[in-house]
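Lettering of chains follows the sequences in order, A, B, ..., and the numbering in each one begins at 1.
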There are 2 protein chains.
Amino acid sequence: MSEAVSRPTLEAVAARAGVSRATVSRVVNGGDGVREPLVERVRRAVEELGYVPNQAARSLVTKRHDAVAVVIAEPETRVFADPFFALQLRGISKELTAHDNQLVLLLTEGRDDHARVGRYLAGGHVDGALVFSLHLDDALPGLIQGAGVPTVFGGRPGWSDGNLPQTLGSAPSGQDSTAVYVDSDNRGGARDAVRHLVGLGRRRVAHIAGALDQTSAVDRLDGFRDVMADADPRLIAEGDFTPAGGERAMRELLDRCPDLDAVFAANDLMASGALRVLREHGRRVPDDVAVVGFDDMLPVAEQTDPPLTTIRQDIEEMGRLMARLLLRRLRRNPTEADQDTTTGVVLPTTLVRRASA
Amino acid sequence: MSEAVSRPTLEAVAARAGVSRATVSRVVNGGDGVREPLVERVRRAVEELGYVPNQAARSLVTKRHDAVAVVIAEPETRVFADPFFALQLRGISKELTAHDNQLVLLLTEGRDDHARVGRYLAGGHVDGALVFSLHLDDALPGLIQGAGVPTVFGGRPGWSDGNLPQTLGSAPSGQDSTAVYVDSDNRGGARDAVRHLVGLGRRRVAHIAGALDQTSAVDRLDGFRDVMADADPRLIAEGDFTPAGGERAMRELLDRCPDLDAVFAANDLMASGALRVLREHGRRVPDDVAVVGFDDMLPVAEQTDPPLTTIRQDIEEMGRLMARLLLRRLRRNPTEADQDTTTGVVLPTTLVRRASA
DNA sequence: GAGGTTGGAGAGAGCGCTCTCGGCAGCAGC
DNA sequence: GCTGCTGCCGAGAGCGCTCTCTCCAACCTC
């Protein structure tokens, strides 16, 4: 019935190895400037005692935490429940653990929670933050910039470039507050999708847009317009990224333009809804109407009837890249950081051909 | 171009309020034993300086971290990409933040990573762990029990009750190493599913089992057998929880027992595969063959044709409960903990009727 | 071989907090 | 009016680490 054995300290290792605390510290942190025989002796002592550095004590003095926060602001279960975040987290996790950083997950529920997150980040518990900001009117990005924590955004934040919330009053300066983000090429992907449809000989191409308070939806719509510059405005309907929204939009479109011969939906979920409505109206896919989605959300895109032609983005890579970018800024010293003018990284997308177009 | 302003310390607050550090500490931690006027003064000073306690310094002395690890061991992208974990995380997050605890996410990639997780947990960086162990042969649960960290498992761990890895050599004792877990009522849910089919008058009910190295799959199979005690063994096929596996199993079943009139699939993904094969074989659902799934995985269950009748489990609640259980053990003092004989909590499931059965 | 130079090791301060302890009021009891 | 409490508050040690500063030995240089 022994008391919980307290874990060994640097002191204990030093005693065992017959050296000073400082030497053990040096060895544990890379071993530079310590002669080989001593290094060896310390290593053995560490091994034998099962020594693990006390992170709290360490960060008390270094002021580093080797931890970054991942902030996911998503009140809507629907979106949260899709595989998107899981994959992104996975990419982030891989990159972080490869550099011995911990991942502190912050999920927010509604607006009130934003303040909590802001407080947490400003509290200096983590070295940096990875933030997913989905909505244009979201206060979170501003709050976070205000917290003065190095941050990388997932998805282009809602404010336009050059219009950053620079002057947030008491924002601790010294941090360059340029918004760094990683996004996939929503606009380019949309262009590819529409070009593919046009290449198939379709002339009346409709678009089911996503919720336009999200930059991804706006960008995909822009991509559509890039190719269909002179498109009939009635060929565009706004959905909300849900299957039900896709159904609604599809009905509208069929109603307004019965002669449409193709649909580009801003995500696979809406495309699946559209497919259902098309079938219901007796339109054959892809013979009468060709359909392209976006996301390549596997459980959906592969299961629809017919399987969905869509635009794939490498979600996991996006997460990995976000983490890599953040770690790089954390590592740099100020002078170098000044030269780091990266503001946005845009990942390519690819068209995945299945049966629907 | 000011230097990064270092955040205020207890000392600073004390000076401003004209009291000692100890008094500020008392106020910050609840204010017991400090007279009202002083409390007020300290509160104001905290407010004015924007003081936030330094968590590292605090845990250095308290040896608590107000943080728990969530360990998700899932090398397979497929499973990880389903909404399951997202919802569970959400539940966990809600409960943890309600009690001012942080969530440290640990995702593992393959076996080698298990050691890393074990080391991390044993390193005493977190107060407890929430672990999702999916496979029967998984070494992780053992490793974690060995780390001597209070743990709650999500899903019944792979070892049978009463056969815990008690003696893991150098496991720091003092912790009661009973495995606590939260699971949904896989067996009961399966029984409900099959009873529903039987209640519809179906007599040749088949089962597509999940990967049987997972307790959930085993339990669902057991539930099936509970109701169909004398079922033809050829009516059972093992899938792997994927749509493709469901297709394969369905083909097998149709081949072996062309007269089957119902199928209970151990998850919705496999059910969707089964539906496709049934359609391909000209069987009408539910007229010729009724189909029930499991999980109520929304993007899938609602989108199949016909929409899937399935068993719903409250995933988010499961997560919340796991966190609650863990926090309770962390809060308790040893004597009380001894009386806490909770080992498993099983959450109820409900049948959701849609069109497939 | 005296003085200078270097690289490796130890001593010790101190990060920001908590918590025990001791002091000192204020009050009751005799 | 003195002892003995009780209740508040401050002093101070110390959590486990990093990091600077100092010291010392070994090696050059002329």
Side-chain angles (χ1 to χ4, degrees), chain A residues 3-43 45-46 49-67 100 122-127 333, chain B residues 3-43 45-46 49-67 100 122-127 333:
Chain A
E3 266 301 292
V5 185
S6 61
R7 301 187 303 112
T9 70
L10 253 202
E11 189 81 51
V13 177
R16 179 159 197 125
V19 297
S20 74
R21 236 171 35 237
T23 300
V24 179
S25 176
R26 279 187 271 258
V27 171
V28 169
N29 293 292
D32 296 337
V34 179
R35 252 177 308 215
E36 194 43 49
L38 275 198
V39 171
E40 193 42 49
R41 231 159 70 204
V42 171
R43 289 254 161 81
V46 165
L49 296 175
Y51 170 74
V52 182
N54 180 322
Q55 185 58 41
R58 178 178 279 174
S59 47
L60 180 57
V61 26
T62 58
K63 275 132 177 45
R64 301 190 79 263
H65 299 86
D66 295 320
D100 281 316
H125 303 284
V126 290
D127 300 329
N333 57 44
Chain B
E3 266 299 292
V5 185
S6 62
R7 302 189 302 110
T9 70
L10 253 201
E11 190 80 49
V13 177
R16 177 159 198 125
V19 296
S20 73
R21 242 177 24 244
T23 300
V24 178
S25 176
R26 277 187 273 257
V27 171
V28 169
N29 293 292
D32 297 337
V34 179
R35 254 178 305 214
E36 194 42 50
L38 275 199
V39 171
E40 193 43 46
R41 233 162 66 206
V42 172
R43 289 254 160 80
V46 166
L49 295 176
Y51 170 74
V52 182
N54 179 321
Q55 186 58 43
R58 180 179 276 174
S59 47
L60 180 56
V61 26
T62 58
K63 277 135 177 40
R64 301 191 78 261
H65 299 86
D66 295 323
D100 282 313
H125 303 283
V126 291
D127 301 329
N333 57 46

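For D:dG10, the OP1/OP2 oxygens have a side-chain nitrogen or oxygen of B:Thr23 closer than 4.0 Å.
Side-chain contact annotation: A:Thr62 with A:Ser59, donor-acceptor N/O pair under 3.5 Å absent.
A:Gln55 and A:Arg64 make their closest contact through NE2-O, 4.3 Å (heavy atoms, listed as atom of the first residue, atom of the second, distance). Of all the heavy atoms in A:Val39 and A:Val27, the pair that sits closest is CA-CG2, 4.1 Å. Smallest separation of non-hydrogen atoms from A:Asp100 and A:Asp66: O-CB, 3.7 Å. Residues B:Ala45 and B:Ala17 share a closest heavy-atom pair of CB-CB, 3.9 Å. Residue B:Val19 comes nearest to B:Val24 through the heavy atom pair CG2-CG2, 3.7 Å, listed as atom of the first residue, atom of the second, then distance.
End-to-end axis angle of the helix from C:dG1-D:dC30 to C:dC30-D:dG1, from C1' rotation axes over five pairs per end: 40° (rounded to 10 degrees).
Regarding B:Asp32, its CG atom lies at a distance of 13 Å from the C1' atom of D:dC8, rounded to whole Å.
Nucleotides of DNA chain C lying under 4.0 Å from heavy atoms of chain B occupy a range whose first and last members, 5' to 3', are C:dG16 to C:dC19.
B:Asp127 contributes atom CG, which lies 6.5 Å from atom NE2 of B:His65 (distance to the nearest 0.5 angstrom). Atom CZ of B:Arg7 and atom NZ of A:Lys63 lie 8.5 Å apart (nearest 0.5 Å).
Both A:Val52 and B:Arg26 lie close to DNA chain D; mapped to their nearest nucleotides by heavy-atom distance, the more 5′-ward contact belongs to B:Arg26. In terms of position on DNA chain C, the residue among B:Arg58 and A:Lys63 whose nearest nucleotide sits closer to the 5' end is A:Lys63.
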